[in-house]
Amino acid sequence: MLEVNFLTNSNLKSFDNFYANLSQSAYRGRPNLFAYERLTKEERKILDSGEALQFDFSKDTQSYNEITKELEVTKGGKKLPHDGKVYLQPDPDLHTVEDTIKLQVGDPGGGVHQEEYPIKRYQKGLLTDERAGFNAYYLTDTPTLGSDTTKTYMTIRGSDAISLENWNDWIDNDAKFALNHIHTPQAKLATVGMKTKIAEMREKAPQATIDITGHSLGTIVSAQGVAGLTDEELKKIGKVVLFDGPDTTKSLKKMGLSDEKIQKISEKIEYYVNPFDIVGMLNREHTITKLPEDSDEPLKKPVGKVNVLVPLHYTQISDPESSHDFGVFQSDGEGNLLTASEDFHPELLRAGEKLARLIATSLDSLRALGVDENVATNVLNSIMRGEFKIKAAIGYGVYENFTTEYSKIVEEARQESIKWDREAIPRYQEQLRSGNLSGNQRILVRAQLLQTAAQLANFDMEDKVNSVKTLLSDAKEEIQSLIKETRQTAFDMVGYLSSSEVTNLLSGFDTTSFWDEGLASDTETAAKSFLTQIEQIGESLVKASGSFKTIDTESAEDFNNLLADVKQTWRGKNVSPSG
């Protein structure tokens, strides 16, 4: 259940958040790539020679999106650690392993003998085991690990699209974790990698600490991997920053960890989760917030600090801008991701809680049906893809109920967010007018006002664009229906002309005579283009709010430059040819 990196490749809009940069780059087909097989020949030569490969996240990066078939520009990050530069270290143990098969081969004289043939090659090393689906990358803040190194990083890739090649990701790790809270096989490999790197750091870079980051399945592997360290080794872990991953409490208990050890690990871990993401909400029921009907029983404590994101788009996991992908993250321009709280979009906390409970009851229903990991994977993969073809299959009822309730949660949260925005704007304005705020408080309230206004503008324009699409579609259908009825009436009324003669008389009476497809397309494109402009202004406002002190004390020129910058690097998918 835990991955959709058949995903949409909805990439980060900018490299402002350092840990999100590292996590995204662990995947294939992203703006910056750590995966050895996706590097250029020159880059592979550098690693093969034993040297490190530099990545600079402060620079703009142009890349080809394999899903959208478009060139994209991801804007370089600001205020990044190490000025955005990190060095991917080679894995000296990396080598190719062959799986072989023995076959009986006939001899010319009539006898037989055995011959061995390779059937699959895969990469294996300390941080790579393709057969097990494990891929991790080790980076440092200096070209070589040495006494001047202060920080190192390990980023762990989640699973890719479900296929024969990565079946182990889904069955041996994802589905078994979702159903049975297992200690995943990949996590055991991660622990070995962490222990080895910590030992190397103690010898070569005694002042350095290592931070861990990952996304989706990579979060499970990271948390369980850290759980395998000794208390002494744990001291070398700086922090563990995880994106769109489930809570691992039950699995850590099944691994035999004491409450004290889980607490030590928790102090290192911080999650960022989308309230509409199935993966991020797994195992989080009764941990996020109370719902109106709840009793006074306290919430359960999850592993780590959990931040619920305020996403750029309110989408489901299978939508083009997937709730599980990086492209819905919003950065404030200072490297911080926008998150909800009881004072800022509390409806998103409630939405996340509702989705977490829906997932829990759905999994309980699958367990009650006695499904195994294979069936569970098929059902849950169908949920994430938004499809389910075998309607008579076991688990279909669970699937149908889940998808219906899931859609309701997202749409209700959207409507609640619109209501919250409209009520918050005059409240923020009144706070600013009152004169009772300190300097820092005024900056914060102004920033919140900007963020709220930007989101509300996006919501309003999304609704207007959808309304235009609906009006165009309805009008075209009405014209087509009217023409069809009129043509049929003409045939029914004529008694002395042949069918071909009637057809000739009505030759100009068709949809093309009454419906201008080009004009309809231009109208829809213009609506989308205007939505894009609103989204660009909205993102500029959010980024400006992160450095509001500068914008406030200098001039509007800074904001105009920021807006021009956003327009220049904006994704091309919603922009008209003239826009």
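Please read all numbers here as calculations on a predicted model, not as lab measurements.
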Q) Hey, does the side chain of T155 reach the backbone of L22 with a donor-acceptor pair shorter than 3.5 angstrom? A) yes
Q) S323 side chain to I317 main-chain N or O, any donor-acceptor pair under 3.5 Å? A) yes
**Q.** Y137 side chain reached by L88 side chain, heavy atoms, under 4.5 Å
**A.** yes
Q.
Counting C-beta onward and ignoring hydrogens, is there a side-chain heavy-atom pair between K254 and H183 closer than 4.5 Å?
A. no
Q.
Checking the side chain of R38 only, and the main-chain atoms of L33 only, is there a donor and an acceptor separated by less than 3.5 Å?
A. no
Q) Can you tell me how far CD of Q89 sits from CG of L139, rounded to the nearest 0.5 angstrom? A) 7.5 Å
(Q) Run the side chain to side chain contact (heavy atoms under 4.5 Å, CB included) test on L337 and L309 for me, step by step, so that the C-alpha distance in whole Å, both residues' side-chain angles and the decisive distance to 0.1 Å come before the verdict. (A) CA-CA 7 Å; L337 298 177; L309 296 165; 3.8 Å; yes
(Q) Before you tell me yes or no, could you show the steps for I262 and V303 under side chain to side chain contact (heavy atoms under 4.5 Å, CB included), namely the whole-Å CA-CA distance, both residues' side-chain angles and the distance that decides it to 0.1 Å? (A) CA-CA 7 Å; I262 292 174; V303 168; 4.2 Å; yes
Q | Spacing of OG1 belonging to T144 relative to CD belonging to E51, to within rounding of 0.5 Å | A | 10.0 Å
**Q.** For the student: nearest non-hydrogen atoms of A205 and G146, plus distance
**A.** CB-O, 3.2 Å
(Q) Can you tell me how far apart OG1 (T128) and CG (N135) are? Round to the nearest 0.5 Å. (A) 5.0 Å
Q: For atom CG of D148, decide whether the heavy atoms of other residues, nucleotides or ligands shown that lie under 6.0 angstrom number more than 12.
A: yes
Q: Quick one: pull up NZ in K253 and OG1 in T248 and give me the separation to the nearest 0.5 Å.
A: 11.0 Å
**Q.** Note: E130-K124 ion pair, threshold 4.0 Å (strictly below)
**A.** no
Q) Would you call R30 and D325 a salt bridge, taking side-chain N to carboxylate O under 4.0 Å as the test? A) yes
Q: Report yes or no: does E43 contribute a side-chain atom to a donor-acceptor pair with the main-chain N or O of L53 at less than 3.5 Å?
A: no
Q. Any donor and acceptor pair, going by atom type alone, linking the side chain of T219 with main-chain N or O of H215 inside 3.5 Å?
A. no
Q.
Any side-chain to backbone donor/acceptor pair from H95 onto D93? Under 3.5 Å, distance only.
A. yes
Q: In sequence, state the C-alpha distance, the side-chain angles, and the governing distance for T61 and T74, and then conclude on side chain to side chain donor-acceptor pair (under 3.5 Å).
A: CA-CA 5 Å; T61 299; T74 305; over 6 Å; no
Q: Over 60° means perpendicular and under 30° means parallel, so classify the ring planes of F34 and F57, tilted if in between.
A: perpendicular
Q) Do the numbers put R284 on top of the ring of Y271, so that NZ or CZ is under 6.0 Å from the six-membered ring centre and no more than 45° off the axis? A) yes
Q) With a 3.5 Å cut-off and no angle check, do the side chains of D48 and Y36 form a donor-acceptor pair? A) yes
Q. Say you draw a straight line from CD1 of I220 to CD1 of I156; how long is it, rounded to the nearest 0.5 Å?
A. 11.5 Å
Q: I would like to know whether N17 and L12 meet side chain to side chain contact (heavy atoms under 4.5 Å, CB included); could you show each step before the answer?
A: CA-CA 9 Å; N17 186 275; L12 292 167; over 6 Å; no
Q | Taking every non-hydrogen atom, the tightest pair across A223 and L252 | A | O-CD2, 4.5 Å
Q. So, for Y87 and A52, which heavy atoms are closest and what is the spacing to 0.1 Å?
A. CB-CB, 3.9 Å
Q: Please examine the side chains of L229 and I198, heavy atoms only from C-beta on, and report whether any two atoms are closer than 4.5 Å.
A: yes
Q | V306 and T287, any side-chain heavy atoms less than 4.5 Å apart | A | no
Q. Is any side-chain heavy atom of M194 less than 4.5 Å from a side-chain heavy atom of I210?
A. no
Q) Could you state the interatomic distance from CG (N21) to OG1 (T213), rounded to the nearest 0.5 Å? A) 9.5 Å
Q: Check step by step if side chain to side chain contact (heavy atoms under 4.5 Å, CB included) holds for N32 and F15.
A: CA-CA 10 Å; N32 281 329; F15 290 132; 3.6 Å; yes
Q) Would S251 and Q224 count as having a side-chain donor-acceptor pair, cut-off 3.5 Å? A) yes
Q) Any donor and acceptor pair, going by atom type alone, linking the side chain of D211 with main-chain N or O of K239 inside 3.5 Å? A) yes
Q: Using atom types as modelled and distance alone, determine if a side-chain donor or acceptor of D244 lies under 3.5 Å from a backbone N or O of N274.
A: yes
Q. Are any side-chain N or O atoms of D277 and backbone N or O atoms of V279, one a donor and one an acceptor, separated by less than 3.5 Å?
A. yes
Q.
Between D141 and K151, does any side-chain N to carboxylate O distance fall below 4.0 Å?
A. no
Q) When you check the gap from the basic side-chain N to the acidic O, do E233 and K236 get nearer than 4.0 Å? A) no
**Q.** Side-chain (T191) to main-chain (G225) donor-acceptor, under 3.5 angstrom
**A.** yes
Q.
Tell me if the centroids of the rings in F243 and F329 come within less than 6.0 Å of each other.
A. yes
Q: Determine, for D60 against K75, whether the closest basic-nitrogen to carboxylate-oxygen distance falls under 4.0 angstrom.
A: yes
Q. Can you find a pair of side-chain heavy atoms, one from S322 and one from T315, that are under 4.5 Å apart?
A. no
Q | Flag side-chain contact, heavy atom, 4.5 Å: N307 against E270 | A | yes
Q. Between S23 and G214, which heavy-atom pair has the shortest distance, and what is it?
A. OG-N, 3.4 Å
**Q.** Ring centres under 6.0 angstrom apart (F18, Y153)
**A.** yes
Q. What closest approach, in Å, do I359 and I278 show between heavy atoms, and which atom pair accounts for it?
A. CD1-O, 3.2 Å
**Q.** Salt-bridge contact K45-E42 (side-chain N to carboxylate O under 4.0 Å)
**A.** no
Q. Between D16 and K78, is there a side-chain N and carboxylate O pair less than 4.0 Å apart?
A. no
Q. Which pair of heavy atoms, one from P311 and one from Q330, lies closest together, and at what distance?
A. O-NE2, 3.3 Å
Q. Does the side chain of V221 come within less than 4.5 Å of T184's, by heavy atoms?
A. yes
Q) Can R44 and E37 be counted as an ion pair, charged N to O under 4.0 angstrom? A) no
Q) Less than 6.0 Å separating the ring centroids of F276 and H324? A) no
